[in-house]
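Take a look at the structure set out below.
Please read all numbers here as calculations on a predicted model, not as lab measurements.
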Amino acid sequence: MPEPALVRSLTTLVGDTASFYLQAHAAHWNVEAPNFAELHKFFGKLYEDVHEALDPLAEYLRTHAAEAPCSLKSMIEASTIPAEFDGHETPTGGYLGTDLLTHLSRLNQAYFKQLNSTYSAATSAGDLGLANFLQERMTAHRRWMWQLRSFTERG
C-alpha cells in the first residue's frame with residue numbers, strides 16, 4: 001500500500017526537479033556576462049547534476065505503486081518552485097549572469113526545502129533507500145547553495 005504523504009511529496013519533488021533542471025539549462029543557454037565561459041560551464045554542471053536525479057526520483061515513485069508525472073503539463077502542475085524568471089533581457093536576447101545566479105539561488109533554496117520535506121516523508125514511511133538518496137541530494141544542493149552564493153558575493 002503506497003504511503004499517501006510520501007507519494008504526494010515525491011510527486012512534487014519530481015515536478016520541482018524537472019522545473020529546476022529546465023531553468024538551470026535555460027540559464028546555461030542564455031547567460032551573458034564578462035565571465036561567460038565560467039558561468040556557462042557552471043550552469044552546465046548544475047543542470048547535469050539536477051537532471052541525473054530526475055530518473056531515480058521518478059523510479060522511486062513507481063516503487064511505491066504511484067504514477068510518475070507523464071507529461072510536461074503534469075510535471076509543471078506538480079511543481080511548487082517558481083517557473084517565472086524576472087531578469088532583464090539583454091539587447092542580444094540573453095540574460096545577465098548576476099540575474100540568473102540570483103534566480104537559481106532562490107530556486108535551489110526552494111528545492112532544498114522540498115528535498116528535506118520528502119526526506120522526512122521517506123523516513124516516516126520507512127523507505128531508507130530513498131532517504132539515503134535524498135540525503136545525498138541534500139548534500140549536493142548545500143554545495144550548490146554555497147557555490148551560487150560565492151558567485152554573487154564576489155560581484
Side-chain angles (χ1 to χ4, degrees), residues 1-31 36-87 94-95 97 99-152:
M1 180 87 171
E3 291 284 329
L6 176 57
V7 168
R8 277 191 306 276
S9 190
L10 194 49
T11 299
T12 298
L13 186 59
V14 169
D16 285 352
T17 304
S19 179
F20 192 12
Y21 159 72
L22 289 171
Q23 292 184 68
H25 206 143
H28 169 79
W29 292 329
N30 290 299
V31 65
F36 164 81
E38 184 179 16
L39 285 174
H40 184 73
K41 184 176 180 180
F42 174 74
F43 292 150
K45 288 180 181 178
L46 174 59
Y47 84 70
E48 287 172 355
D49 179 63
V50 175
H51 184 260
E52 286 179 15
L54 188 54
D55 189 59
L57 290 169
E59 289 177 356
Y60 274 113
L61 262 174
R62 298 299 297 138
T63 67
H64 285 276
E67 178 184 348
C70 208
S71 69
L72 187 54
K73 180 181 178 190
S74 63
M75 287 183 206
I76 291 167
E77 290 170 351
S79 180
T80 60
I81 63 173
E84 296 78 27
F85 174 61
D86 60 358
Y95 293 93
D99 289 348
L100 292 166
L101 287 162
T102 299
H103 178 68
L104 291 175
S105 183
R106 282 190 208 122
L107 292 184
N108 192 61
Q109 290 170 9
Y111 186 73
F112 186 86
K113 287 179 185 175
Q114 186 59 39
L115 278 169
N116 196 38
S117 177
T118 307
Y119 171 78
S120 294
T123 55
S124 292
D127 188 337
L128 299 181
L130 174 57
N132 288 339
F133 180 77
L134 294 170
Q135 282 181 326
E136 291 173 8
R137 297 310 309 151
M138 287 188 290
T139 298
H141 283 276
R142 273 191 211 97
R143 188 173 50 251
W144 290 122
M145 278 186 223
W146 155 61
Q147 291 176 358
L148 286 159
R149 186 176 59 244
S150 293
F151 268 110
T152 56

Could you check T63 against L130 for side-chain contact (heavy atoms from CB on, under 4.5 Å), going step by step and ending with a plain yes or no? CA-CA 10 Å; T63 67; L130 174 57; over 6 Å; no

So, for [X] and [Y], which heavy atoms are closest and what is the spacing to 0.1 Å?
X: Q135; Y: Y119; answer: NE2-OH, 3.1 Å
X: L104; Y: A27; answer: CD1-CB, 3.7 Å
X: A131; Y: A122; answer: N-CB, 4.1 Å
X: M138; Y: F112; answer: O-CE1, 3.4 Å
X: A125; Y: L6; answer: CB-CD2, 3.8 Å
X: Q23; Y: A83; answer: NE2-CA, 3.6 Å

Could you state the interatomic distance from [atom1] ([X]) to [atom2] ([Y]), rounded to the nearest 0.5 Å?
X: Q147; Y: R149; atom1: CD; atom2: CZ; value: 10.0 Å
X: L134; Y: L10; atom1: CG; atom2: CG; value: 7.5 Å
X: I76; Y: I81; atom1: CD1; atom2: CD1; value: 11.0 Å
X: L148; Y: L100; atom1: CG; atom2: CG; value: 10.5 Å
X: H141; Y: L107; atom1: NE2; atom2: CG; value: 11.0 Å

Determine whether T118 and L57 satisfy the following criterion, side-chain contact (heavy atoms from CB on, under 4.5 Å), listing intermediate values before the conclusion. CA-CA 11 Å; T118 307; L57 290 169; over 6 Å; no

Please enumerate all residues that pass ring-ring contact (aromatic ring centres under 6.0 Å, His included) together with H103, with sequence neighbours excluded.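 For H103, the residues satisfying ring-ring contact (aromatic ring centres under 6.0 Å, His included) (neighbours in sequence not counted) are F85.
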
Which residue, T80, T17, D16, N116, forms the side chain to side chain donor-acceptor pair (under 3.5 Å) with Y111? T17

Test H64 against Y60 for ring-ring contact (aromatic ring centres under 6.0 Å, His included), laying out the working first. CA-CA 7 Å; H64 285 276; Y60 274 113; 7.6 Å; no

Pairwise side-chain contact, P69 with L61, heavy-atom cut-off 4.5 Å (strictly under):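 The answer is yes; the side chains approach within 4.5 Å.
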
With the side chain counted from C-beta on, respond yes when K113 and S117 share a heavy-atom pair under 4.5 Å apart, and no when they do not.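 Contact flag for K113/S117 side chains = no.
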
Under the side-chain contact (heavy atoms from CB on, under 4.5 Å) criterion, do F151 and T102 qualify, and how do the steps go? CA-CA 9 Å; F151 268 110; T102 299; over 6 Å; no

Taking [Y]'s backbone N and O only, do any of them form a donor-acceptor pair with [X]'s side chain (distance below 3.5 Å, no angle check)?
X: S105; Y: L101; answer: no
X: S79; Y: M75; answer: no
X: S74; Y: C70; answer: yes

Go through the steps for F36 and H40 under the test ring-ring contact (aromatic ring centres under 6.0 Å, His included), then give the verdict. CA-CA 6 Å; F36 164 81; H40 184 73; 5.0 Å; yes

Please say which of Y47, Y21, F42 ends up in a ring-ring contact (aromatic ring centres under 6.0 Å, His included) with H28. Y47

Between D49 and R137, is a side-chain contact (heavy atoms from CB on, under 4.5 Å) present by the stated rule, with each step listed? CA-CA 9 Å; D49 179 63; R137 297 310 309 151; 2.7 Å; yes

